[in-house]
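Both ligands and their constituent atoms are indexed starting at 1 by order of listing.
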Amino acid sequence: MISLQHIRTATAFALLTLSLAASPAFSQTRVSRDPAEPQQGKPQPKILPRPAGAIARQSVDEKSMRGLIGKLVACGTRLTLSSWTDPKRGVGCARDHIAARLREIAEGTGGKLQVVVDKFESTSERTAGKPLPLENVYAILPGSDARLSKTLFIVSGHFDSRPSNVMDPEADAPGADDDASGTAVSVESARLLSKAMANGKNSYRSTILFAAVSGEEQGLLGSTHLLEWAKQQGYTIGGMLDDDIVGDDPAPGAPHRVRLFSGNGELDDADSPSRELARTIEEIDGRGAIRMVFRQDRYGRGGDHYPYYKAGLPAVRFTEPWENYEHQHQTPRTENGAEYGDFEKYLNFTFMGDVARDNAEALRQLALAPAPPTNAKLTGAVTPDAKVSWAADEDAERAGFEILWRETTDPRWQVYDFAASPGETVLKGVSTDNHFFAVRAAGKNGARSIAVPTEMERRPPPLPAGTKQ
Ligand SMILES: [Zn+2]
């Protein structure tokens with residue numbers, strides 16, 4: 001039974017908590033009725049500054065993004081089932097404009113940026129059950145580091161579009177937002193990063209691939225093929241940034257933060273590589289720019305990052321803050337006074353330019369970073385200290401490693417300590433039970449790899465014979 005006195009006390013406490021939480025000074029500090037951990041105080045590691053030469057917002061060329069989107073919309077439809085050979089109408093018209101724009105950008109890079117048109121076939125229930133010819137367009141900026149150049153960071157938008165009927169190659173499908181916007185972000189990222197490299201400030205260690213893929217609306221065909229292609233070329237995927245529907249921001253108060261979706265994975269602590277990529281991007285671009293959403297995609301929906309996520313690779317999706325479904329997947333028409341269709345006039349280039357900047361800056365820092373550590377482990381259960389160990393190849397450009405921890409209920413990592421070399425670090429007086437742990441590599445240039453969560457030491461409790469663990 002709860003006494004009236006108890007209720008009064010509880011109410012008073014709740015009010016006190018409320019008023020304290022509202023005061024800015026209090027919000028800086030954690031309510032702590034828990035024992036200090038570690039008891040003798042946390043180490044105070046020196047935090048390296050982030051790499052110099054950040055991509056400036058004003059360097060984004062919104063006019064060229066608008067120009068490319070206008071050309072793609074003018075192709076009438078970009079359904080993957082439409083014509084690949086007609087230069088004026090159909091998906092092939094879009095491929096031509098994208099390849100031309102990327103070649104224009106590549107011209108200024110002295111051959112560094114390489115443009116590839118990748119032709120392949122694929123079948124799905126949305127190709128009428130027969131193999132469909134498809135093409136993807138890539139621009140590749142090769143990494144400078146002998147080993148890391150086989151690590152590939154991908155930014156991708158899909159250039160195909162669809163009308164209401166996904167099998168109708170005749171109907172108009174302007175697809176300005178879905179996904180000429182993501183295509184423009186990928187292409188503009190190619191320009192921003194090639195330019196940042198050409199001015200001598202950045203030498204990307206890993207390889208960056210700027211993709212415009214087809215077949216998304218027919219079943220993620222182009223992005224699935226890109227993953228296969230990358231493997232065939234001997235790359236490992238360092239991270240995949242899918243930009244899909246990133247062009248509109250109609251709610252009052254725009255520009256708002258872009259949403260960044262990442263799947264939980266299948267681990268108890270929900271630390272999938274995709275989640276680590278999302279955290280990394282948020283840390284690079286800031287909480288004012290990125291709204292992390294801890295789910296694989298919008299509710300019940302899917303996109304081009306999905307095949308990567310399912311393969312256990314780091315892959316995330318950028319999407320505008322608030323979607324208007326009358327402007328997506330709709331054959332242009334007016335019905336009961338409502339206008340349906342994905343038109344250029346609904347786009348917000350201030351918002352889209354922000355997205356391009358944030359993609360480019362995240363890719364820049366990821367491609368400048370050392371390789372993530374491997375084999376991260378946490379041991380020390382039922383002892384006073386947590387022990388974190390990890391492995392890493394030699395790397396003269398690496399400053400060391402940041403050991404990260406977080407409350408199990410917190411969404412973000414914090415730096416606990418710094419270690420110059422791989423091996424084992426004992427976290428004195430830290431329980432293995434109350435936090436999650438991870439390790440990431442930090443370059444001398446200040447760029448960080450994505451975090452690698454420690455694997456749990458399996459210590460299953462004894463159970464009755466015949467019980468499945
Ligand atoms: Zn889309």
Side-chain angles (χ1 to χ4, degrees), residues 65 68-69 72-73 75 77-82 91 94-95 98 122 124 126-127 134-137 154-169 171-187 189 210-227 240-250 258-263 293 295-309 315-332 340-344 346-348 351-352 355-356 359:
M65 294 176 76
L68 179 61
I69 291 169
L72 298 184
V73 169
C75 294
T77 175
R78 306 189 304 278
L79 190 75
T80 309
L81 303 171
S82 66
V91 67
R95 170 214 51 214
I98 295 160
S122 193
S124 78
R126 290 181 174 184
T127 67
L134 292 98
E135 301 182 28
N136 289 342
V137 189
I154 298 173
V155 57
S156 182
H158 71 86
F159 67 91
D160 63 310
S161 66
R162 60 167 288 181
S164 303
N165 175 0
V166 74
M167 300 304 289
D168 180 358
D172 278 349
D177 197 5
D178 187 10
D179 181 32
S181 66
T183 303
V185 164
S186 178
V187 169
S189 297
F210 308 89
V213 301
S214 61
E216 197 270 352
E217 306 291 4
Q218 306 318 116
L220 318 181
L221 308 182
S223 81
T224 303
H225 170 78
L226 171 55
L227 177 54
M240 192 275 192
L241 281 58
D242 173 24
D243 284 87
D244 195 353
I245 312 183
V246 290
D248 194 9
D249 188 3
V258 67
R259 291 182 295 166
L260 183 65
F261 290 87
S262 63
V293 182
R295 58 177 9 144
Q296 187 272 126
D297 205 324
R298 296 105 77 238
Y299 189 69
R301 303 177 75 190
D304 277 338
H305 60 305
Y306 185 71
Y308 299 73
Y309 167 67
V316 293
R317 175 189 184 134
F318 289 86
T319 298
E320 65 198 27
W322 184 82
E323 294 172 81
N324 184 330
Y325 304 111
E326 292 179 357
H327 302 163
Q328 286 179 22
H329 298 185
Q330 300 284 353
T331 302
Y340 291 83
D342 187 352
F343 299 114
E344 195 185 330
Y346 299 126
L347 300 180
N348 179 331
F351 169 75
M352 206 192 305
V355 178
N359 271 262

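Excluding waters, the protein N/O/S atoms found under 2.8 Å from the Zn ion (ligand 1) are H158 NE2, D178 OD1, D244 OD1, D244 OD2.
With hydrogens and angles left out, the side-chain atoms of H158 and D178 include a donor and acceptor closer than 3.5 Å. The closest side-chain donor-acceptor pair between D243 and N359 falls under 3.5 angstrom.
Contacts classified as salt bridge (Lys or Arg N to Asp or Glu O under 4.0 Å) and involving residues 315-324 (residues at least two apart or in different chains) are given here: D244-R317, R259-E323, D297-R317, R298-E323, R301-E323.
Using a 4.5 Å cut-off on side-chain heavy atoms (C-beta onward), Y308 and I154 make contact. Counting heavy atoms from C-beta outward, S122 and T127 have side chains that stay 4.5 Å or more apart.
Counting only distance, with no hydrogens or angles, the side chain of R78 and the backbone of G175 share a donor-acceptor pair below 3.5 Å.
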